[in-house]
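Everything quoted here is computed from the prediction, not taken from an experiment.
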Amino acid sequence: MKSEASSDTITERRSANYKPNVWKYDFIQSLNTTIFDEEEDKNRQAEKLKQEVKLMFGKSMEVLAKLEFIDILLKLGLSILFEKEIMEVLDSIAASIKINNYTLEEDLYATALCFRLLRLHGHEISQDIFRGFMDGNGSFSTSKCRDIKGLIELFEASHLSLEGENILEEAKGFSNGILMGAYSTLDGELAEKVAHILELPTHWRLDWFQVKWHLKMYEKNIDINTTTILCELAKLNFNMVQAIHQNELKEVSRWWKNLGLVGKFNFARDRVIESFMTGLGLVSDPKQSSYRKWFAKALALVIVIDDIYDVYGSLEELQHFTNAVDRWDSKEIQHLPEYMKIFFQALHDTINEMADEIQHEKGWNKVLPYLKKVAEVERGDAPSAIQCFMREANVSKEMARNHITDLISKTLTKVNGLVLAPSAASLKPFVNVLANYPRVAYCFYQDGDGFGIQEDLKSKILSVLIEPEEEHKERAAKLKEEVKLMFGKSMEVLAKLELIDILMKLGLSILFEKEIIEALDSIAASIKISNHILEEDLYATALCFRLLRLHGHEISQDIFRGFMDGNGSFSTSKCRDIKGLIELFEASHVALEGENILEEAKGFSNGILRGAYSTLDGELAAKVAHILKLPTHWRLDWFQVKWHLKLYERNEGINSTTKILLCELAKLNFNMVQPTHQNELKEVSRWWKNLGLVGKLNFARDRVVESFMTGLGLVSDPKQSSYRKWFAKATALVIVIDDIYDVYGSLEELQHFTDAVDRWDSNEIQHLPEYMKTFFQALYDTINEIANEIQHEKGWNQVLPYLKKVWADYTKALLMEAKWYSEGYIPSLQEYLSIGWITTGCLVLGVHSFFSIINEVSDDMEHILEKNQQIMHDPCTIVRLWNDLSTSKAEVERGDAPSAIQCYMREANVSEEMARNHITDLISKTLTKVNGLVLAPSAASLKPFVNVLANYPRVAYCFYQDGDGYGVQEDLKSKILSVLIEPL
């Protein structure tokens, strides 16, 4: 109890001590709510499966097979897709039973299943259908009812009894007793089914909430040949519908947050998720979105009212509030305390708005008068039914509970009469909702108070609303173990190399790092002993060379000498195989400086593949076109997973078992990782919106999605979420700064801004124009926050000084370019690149990456950047050159500073075409230097950072391959959709 003082009274307040809401707003808003209906492939796949199921209805089937088919459609949540077909089949069966009432009577299982399905679908079917299973004394015969499957169905059917149906009451007791007695002797599927229905029969469970359980059981049934089609359709349907439900929940959650009651009513339960879950239990049909949202809003308010009356309000306050609701006038609430005024206004506005929406959508004339009248509130913490009966009958608590349980059972039978009786078609949806009230009640109160103690309901909410079907993690873990077993099997060297290669291409190598390293160590050791084990096979040799070098093994280019002639050229007679030439071309791109054999291999394989391309088709043609455009080594692995998977699935020369296994794991893994990336993007997007720059700096590019995509290209590992978020924020700010210096700012303004960044003091920005003050504050706050987060998460002592310095260096380089432009000065290519590698923003982002990605912090680690800044130079230079090749014309038209192309044209007095060829050649040579950085042995602690730098050129190609991905968003849109939005 606590006291609350006013001017002349003290109100004693009780507390229910409810725990804080376990469902955080940001978590709900972060749900991966991809609507599959909007994706043609998924929609087409579901439609194709639906047509296959419809064809099954047309096939000649025994009555029992038809009944079982309908039953599983109901249990898998698919009956809504086949209502017409199901009604036609059941109408036919019902008609045949009327002609011959003994069609199924010798089979208890079939008879009970038939009875249950016909009665559920509105057919008049008598309990007398079970008389054939009874003895002369009117009891069920144990000799006729031995089959456990039959007894399960009899027990299920008995719960559809109407008042006065004694045979079904007898059936309930009989089947319950035998099943309870037999349970300990059962195992497997039968044991699970018996335990499930004895806890609560199917008829009183919520259909949609049980789909996953039934699916799990159905998948075990190896005797059913339709299993694959129905399971695939059930999973597709569940995930499509779940996405709709998630979107509704997010909308309701936003309404609840905006209503603002949570922070002001700490005494009351915050149960908007449970409220939505209740509405979903009542009606799961995806077409009834409005119903669920209206219901959830109303119930969330009901729960707060319940706490006001049961826990918090004084009797006088409750009387005033009751009168206010009766009057339904927000102007007449002057007598209410402040908390009640706030709540009444929320109730008044929500119900009025809901009434208007219902009238508009459903066509009712007047809804509000009915809602106002029914808004009769509760009267306080009254005694429960148990206490009432204990006092009335003077019995113990246990006896009172038994009486209430019996009362529930009898009332459920009365509810059957309401639901199963023929009713007007227009009222049927409402009757079905009412019938679900008891089911929802059981679901919420089965393990405790689901509205009071959220943990009691949490697992159900996760299963129905949050976790898609199937159990992805469990299935993925099983597949991973099967792949690990492959490594343990006795395999030829080439088979092991191909397995490792496809794991890398399908984005799976991160799951098998230990196994891959052990396999390659073994192969490398065998090559040292005998260098001739692969040399007669160009394909195997080139694949082996590439994989070993990529994984840090010292392997000489001399391994290819066996494929060359006496003149030091590659022999066409030894290198005829297209597969081998593809691998030779791929291997040549992991060359180091001075490796002439690999340079020769590059030119040789390139020439032959280009000449042969027109004669190829299928998989080989696709591969050749792909690598000639850009070799695999310089592509982003994660962005290529879908392409490689598509090609791998087509490859008929691969062991089908292995292919199915790896393809399934690749799809599972991609779809499990993608939502992680999506959630990160949502978080970064919210940060960007809250930063507020978009509406204030209209001249600058708004590229937060592209910024995140850049970080994802550099590091796709799902465990590196923080890195991608920090990197995306820094990149988004780099892009705006670039536009300030390249497009908008005057030279004087840019000088002041550069000085401000150098001082790094938000109190010293009085000389800046308003737009620069706004941006500097955003930059200052964001970088300081990132520095603090990095220190906290990674363990660095001092991050901010390094970040401040690199941002200052960046703006000074940008200022130099601005001065060149202002003075009309065109530098030499070397002079241009001396600051051009910095003005890309890659250096500032590289320093951010260093502190964000390194996990092993030591005292001297912070000085590594100063000593080894050169390791960032070459990757950043490639980004600058790629950028200039793609954006030069647009920048000249826009009036930007000269690019590398203009600098070289003037310096060497050559045409634009020749300058472009020179820049392309320079990129190629610098890529070889980057190989030296990446492939050289380096300290394990630095390897993650080196890998990031190696991805700079890959990201640059990805973004500038088809134009300016940062400038013209359409140029990059399809890649973003493929990697971030569209699942496999």
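A distance of 11.5 Å separates CD1 in Ile351 from CG in Asp356, rounded to the nearest 0.5 Å. Rounding to the nearest 0.5 Å gives a distance of 5.0 Å between NZ of Lys264 and CD1 of Ile342. Rounding to the nearest 0.5 angstrom, the gap separating the CD1 atom in Ile786 from the CG atom in Asp781 is 11.0 Å. For the atom pair CG of Leu73 and CG of Leu230, the computed distance is 6.0 Å after rounding to the nearest 0.5 Å. For the atom pair NE2 (His159) and CD1 (Ile197), the distance works out to 8.5 Å, reported to the nearest 0.5 Å. Atom CG of Asp306 sits about 12.0 Å away from atom CZ of Arg271, to the nearest 0.5 Å.
Here the closest non-hydrogen pair linking Ile80 and Glu83 is O-CG, 3.8 Å. In this structure, Ser275 and Phe295 approach most closely via the heavy-atom pair O-CD2, 4.1 Å. Residue His677 comes nearest to Ser716 through the heavy atom pair NE2-O, 3.0 Å, listed as atom of the first residue, atom of the second, then distance. In plain terms, the two heavy atoms of Leu233 and Ala46 that are nearest each other are CD1-O, 3.9 Å. A pairwise comparison of heavy atoms in Ala234 and Leu78 identifies CA-CD2, 3.9 Å as the closest pair. Considering all non-hydrogen atoms of both residues, Phe82 and Lys50 come closest at CE2-O, 3.6 Å.
Ring planes of Tyr312 and Phe267: parallel class, angle under 30° (limits at 30 and 60°). Between His245 and Trp208, the ring planes lie perpendicular to each other; the angle is over 60°, past the 30° to 60° tilted range. Classified by interplanar angle (parallel below 30°, tilted 30° to 60°, perpendicular above 60°), the ring pair Phe344/Trp328 is perpendicular.
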Stepwise side-chain contact (heavy atoms from CB on, under 4.5 Å) test for Val704 and Lys689
CA-CA 10 Å; Val704 72; Lys689 182 181 179 183; over 6 Å; no

Between Ile308 and Tyr339, is a side-chain contact (heavy atoms from CB on, under 4.5 Å) present by the stated rule, with each step listed?
CA-CA 10 Å; Ile308 289 174; Tyr339 80 94; 4.3 Å; yes

Before giving the answer on ring pair (Phe, Tyr, Trp, His ring centres under 6.0 Å), spell out for Trp213 and His196 the whole-Å C-alpha distance, their side-chain angles and the decisive distance to 0.1 Å.
CA-CA 10 Å; Trp213 190 87; His196 197 64; 3.6 Å; yes

Apply the test side-chain contact (heavy atoms from CB on, under 4.5 Å) to residues Val272 and Val262: give CA-CA distance (whole Å), side-chain angles for both, the deciding distance (0.1 Å), then the verdict.
CA-CA 10 Å; Val272 71; Val262 175; over 6 Å; no

Worked check of side-chain contact (heavy atoms from CB on, under 4.5 Å) between Lys696 and Leu691
CA-CA 10 Å; Lys696 297 171 184 174; Leu691 203 62; over 6 Å; no

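No donor-acceptor pair under 3.5 Å is formed between the side chain of Asp702 and the backbone N or O of Val694. With hydrogens and angles ignored, the 3.5 Å screen pairs no side-chain donor or acceptor of Gln210 with any backbone N or O of Thr202.
No more than 12 heavy atoms of other residues, nucleotides or ligands sit less than 6.0 Å from atom CD of Glu316.
By the 4.5 Å heavy-atom criterion applied to side chains, Glu361 and Trp294 are counted as neighbours. Side chains of Ser685 and Val705 form no contact here, defined as non-hydrogen atoms less than 4.5 Å apart. Looking at heavy atoms from C-beta onward, Leu249 lies out of side-chain contact with Leu280 at the 4.5 angstrom threshold. Between Leu74 and Asp207 the shortest side-chain heavy-atom distance does not fall below 4.5 Å. Looking at Trp256 and Asp270, their side chains come closer than 4.5 Å, going by heavy atoms from C-beta outward. Using a 4.5 Å heavy-atom cutoff, the side chains of Lys235 and Leu215 are in contact. For the pair Val53/Leu49, no side-chain contact is recorded, criterion being any heavy-atom separation below 4.5 Å from C-beta on. Side-chain contact check for Phe343 versus Leu336: every heavy-atom pair is 4.5 Å or farther apart.
For the salt bridge (charged side-chain N to carboxylate O under 4.0 Å, His left out) with Glu683, the lone residue among Lys725, Arg724, Lys729 that qualifies is Lys725.
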